[in-house]
Engineer: 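If you scroll down you'll find the structure; I have some questions about it.
Keep in mind that the numbers below use all heavy atoms, side chains included, and drop hydrogens, waters and symmetry copies. None of these values were measured; they are calculated from a predicted model. Here is the naming used below: chain letters follow the sequence lines, and residue numbers restart at 1 for every chain.
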There are 2 protein chains.
Amino acid sequence: MPVSERLGSHLKRAAQALSAAKQATLKQAGLTVPQYAALLYLSDNPGMSAAALARACAVTPPTMNTVLKNLQEQGLIERTPHEWHRNILETRLTEKGERVLADADPRAVRVERGLAAEFSQEERETLVALLGRCIGFLESARQAEH
Amino acid sequence: MPVSERLGSHLKRAAQALSAAKQATLKQAGLTVPQYAALLYLSDNPGMSAAALARACAVTPPTMNTVLKNLQEQGLIERTPHEWHRNILETRLTEKGERVLADADPRAVRVERGLAAEFSQEERETLVALLGRCIGFLESARQAEH
DNA sequence: ACACCATAGTTAGAGCTCTAATGATCGTCA
DNA sequence: TGACGATCATTAGAGCTCTAACTATGGTGT
């Protein structure tokens with residue numbers, strides 16, 4: 001099966017180009033792409049658990065653990081034990097985290113807006129729908145595998 | 001800007017679901033996704049340089065170096081100096097590499113065929129075209145950044 | 001009450017990925 | 001001949017990512 005016929009290779013290249021573009025612009029704010037994603041969700045949901053954050057960002061808990069560790073070392077987040085549910089750690093942005101996110105977000109949004117502007121409203125909806133079907137199939141295939 | 005409106009998040013999730021599905025099936029053949037990609041290109045172009053392979057797989061040379069190192073340790077490829085162009089290393093599959101690829105390829109193709117079967121011919125072409133425009137914009141944006 | 005299960009968090013280990021910097025070789029051009 | 005630039009290869013270092021295995025807590029079932 002020729003590579004050019006494989007939807008996967010187009011998908012992968014597009015995702016990689018996106019990641020590279022975001023990485024280039026976020027670097028100026030001192031963040032990586034996963035760090036930015038985590039801060040963005042935390043900003044909307046202060047105090048959410050690392051596990052919930054991992055689900056939101058579509059990564060595994062150990063991966064999120066790594067990202068949070070780096071964010072914590074930079075003083076951008078703080079993690080405090082939950083009042084009574086002692087098994088969960090509440091994660092929140094620090095003031096510095098808010099400032100860094102406020103610097104990074106416009107940069108990331110600029111990339112997204114630029115990308116969106118390449119398409120008409122109808123094309124965007126088509127693309128999102130097609131990608132959604134890819135995700136649906138691939139995730140069910142993954143489950144069926146085992 | 002809401003996350004659900006960002007094309008990037010859909011793109012990223014789709015690519016990740018694809019990678020996860022391939023990873024699950026390729027694991028049974030003892031390969032990672034990048035290792036499989038490298039073997040696949042090498043199979044079609046015996047003797048190609050690591051730099052050319054990196055371009056084909058859309059990764060940087062140091063990344064390909066890491067992948068090739070692991071493949072070499074498993075005895076799946078061999079790298080020999082070019083006859084007169086002494087700066088380049090010709091990379092080739094070993095017999096074992098051929099066998100492993102012959103085992104892995106049908107598994108990967110099964111995922112690709114399953115994914116392709118989710119769409120009509122026209123939908124596939126639409127998806128590839130839209131992704132191509134994403135790639136085009138993002139790569140030019142990346143250049144303009146610097 | 002006790003076993004069970006789901007969830008949260010973590011650690012260990014392997015592998016991929018990038019940027020940045022370095023060194024080696026070849027071809028070209030003054 | 002000698003300098004320059006292009007290409008190839010590699011190393012160092014930081015960070016992301018996964019699977020696998022483990023611990024701990026809280027709720028649910030009999």
Engineer: Going hydrophobic residue to hydrophobic residue with side-chain gaps under 4.5 angstrom, can you get from Tyr36(A) over to Leu11(B)?
Structural biologist: no

Engineer: Closest to the Thr32(B) side chain: dT17(C), dG15(C), dA9(D)?
Structural biologist: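 Of all the options, the side chain of Thr32(B) is nearest to dG15(C).
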
Engineer: Determine yes or no for a side-chain-to-main-chain donor-acceptor pair under 3.5 angstrom, with Ser43(B) supplying the side chain and Leu39(B) the backbone.
Structural biologist: no

Engineer: Figure out the CG/P separation between Leu31(A) and dT19(C), and round it to whole Å.
Structural biologist: 17 Å

Engineer: Please say whether more than 12 non-hydrogen atoms of neighbouring residues, nucleotides or ligands are located less than 6.0 Å from CD in Gln121(A).
Structural biologist: yes

Engineer: Which comes earlier along DNA chain C counting from the 5' end, the contact point of Val33(B) or that of Ala50(A), where each point is its nearest nucleotide?
Structural biologist: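 Looking at the nearest nucleotide for each, Ala50(A) comes out on the 5' side.
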
Engineer: How far apart are the C-alpha atoms of Arg124(A) and Glu5(B), what are their side-chain angles, what is the distance that settles it, and do they pass the salt bridge (Lys or Arg N to Asp or Glu O under 4.0 Å) test?
Structural biologist: CA-CA 9 Å; Arg124(A) 282 195 296 272; Glu5(B) 279 180 20; over 6 Å; no

Engineer: Could you check how far CE of Met64(B) sits from P of dC16(C), rounded to whole Å?
Structural biologist: 10 Å

Engineer: NA contact type, Pro61(A), heavy-atom cut-off 4.0 Å: base, sugar-phosphate, or nothing?
Structural biologist: base

Engineer: Please tell me if Asn65(A) has a side-chain N or O lying less than 4.0 Å from either OP1 or OP2 of dG9(C).
Structural biologist: no

Engineer: I want to check one thing: is the phosphate of dT17(D), taken as OP1 and OP2, less than 4.0 Å away from some side-chain N or O of Gln23(B)?
Structural biologist: no

Engineer: Starting from P on dG27(D), measure out to CD1 on Ile88(A) and report it in whole angstrom.
Structural biologist: 12 Å

Engineer: Looking at Thr60(B), does any N or O in its side chain come under 4.0 Å of the phosphate oxygens OP1/OP2 on dT17(C)?
Structural biologist: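 Looking at the OP1 and OP2 atoms of dT17(C), neither is under 4.0 Å from any side-chain N or O of Thr60(B).
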
Engineer: I need the residues from residues 67-81 of chain B with at least one non-hydrogen atom less than 4.0 Å from DNA chain D; give them sorted by number, or say none.
Structural biologist: Arg79(B)

Engineer: What is the separation between atom CG on Leu53(B) and atom P on dT7(D), rounded to the nearest whole Å?
Structural biologist: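 That distance rounds to 18 Å.
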
Engineer: Can you tell me the distance, in whole Å, between the NZ atom of Lys22(A) and the P atom of dC16(D)?
Structural biologist: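 Lys22(A) atom NZ is separated from dC16(D) atom P by 15 Å.
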
Engineer: Pro62(B) side chain: which of dA8(C), dC18(C), dT17(C) is closest?
Structural biologist: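 Per side-chain heavy atoms of Pro62(B), the pick is dC18(C).
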
Engineer: Rounded to whole angstroms, how far apart are NZ on Lys12(B) and P on dC16(D)?
Structural biologist: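 Going from Lys12(B) (NZ) to dC16(D) (P), I get 11 Å.
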
Engineer: Can you confirm whether more than 12 heavy atoms, excluding those of Glu73(A), are under 6.0 Å from its CD atom?
Structural biologist: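 More than 12 within 6.0 Å, yes.
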
Engineer: With distance as the sole criterion, is a donor-acceptor pair present between the side chains of Thr60(B) and Thr63(B) under 3.5 Å?
Structural biologist: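 Their side chains do contain a donor-acceptor pair, which is all the 3.5 Å distance test asks for.
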
Engineer: Please report the C-alpha distance between Gln72(B) and Glu78(B) in whole Å, then the side-chain angles of each, then the deciding distance to 0.1 Å, and finally whether the side-chain contact (heavy atoms from CB on, under 4.5 Å) criterion is met.
Structural biologist: CA-CA 6 Å; Gln72(B) 196 167 20; Glu78(B) 56 186 6; 5.7 Å; no

Engineer: Over how many whole Å does the gap from Tyr36(B) atom OH to dC16(C) atom P extend?
Structural biologist: 16 Å

Engineer: Name the one of Val109(B), Val111(B), Val33(B), Leu31(B) that satisfies side-chain contact (heavy atoms from CB on, under 4.5 Å) with Thr25(B)?
Structural biologist: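 The residue from Val109(B), Val111(B), Val33(B), Leu31(B) that satisfies side-chain contact (heavy atoms from CB on, under 4.5 Å) with Thr25(B) turns out to be Val111(B).
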
Engineer: Under 4.0 Å between a side-chain N/O of Ser49(A) and OP1 or OP2 of dT7(C), yes or no?
Structural biologist: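 It does not, given that no N or O in the side chain of Ser49(A) lies less than 4.0 Å from OP1 or OP2 of dT7(C).
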
Engineer: Take the protein atom CD of Gln16(A) and the nucleotide atom P of dT17(C), then report the distance between them rounded to whole Å.
Structural biologist: 7 Å

Engineer: Think Thr66(B) has a side-chain N or O under 4.0 angstrom from the OP1 or OP2 of dC16(C)?
Structural biologist: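 Answer is no, no contact under 4.0 Å.
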
Engineer: Check this one for me: any side-chain N or O of Lys27(A) less than 4.0 Å away from OP1 or OP2 of dA20(C)?
Structural biologist: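 So the side chain of Lys27(A) is within the cut-off, an N or O lying under 4.0 Å from OP1 or OP2 of dA20(C).
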
Engineer: Under 4.0 Å, counting only non-hydrogen atoms across every strand here, what does Val59(A) touch: a base, just sugar-phosphate, or nothing?
Structural biologist: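 Since only primed, P, OP1 and OP2 atoms lie under 4.0 Å of Val59(A), the category is sugar-phosphate.
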
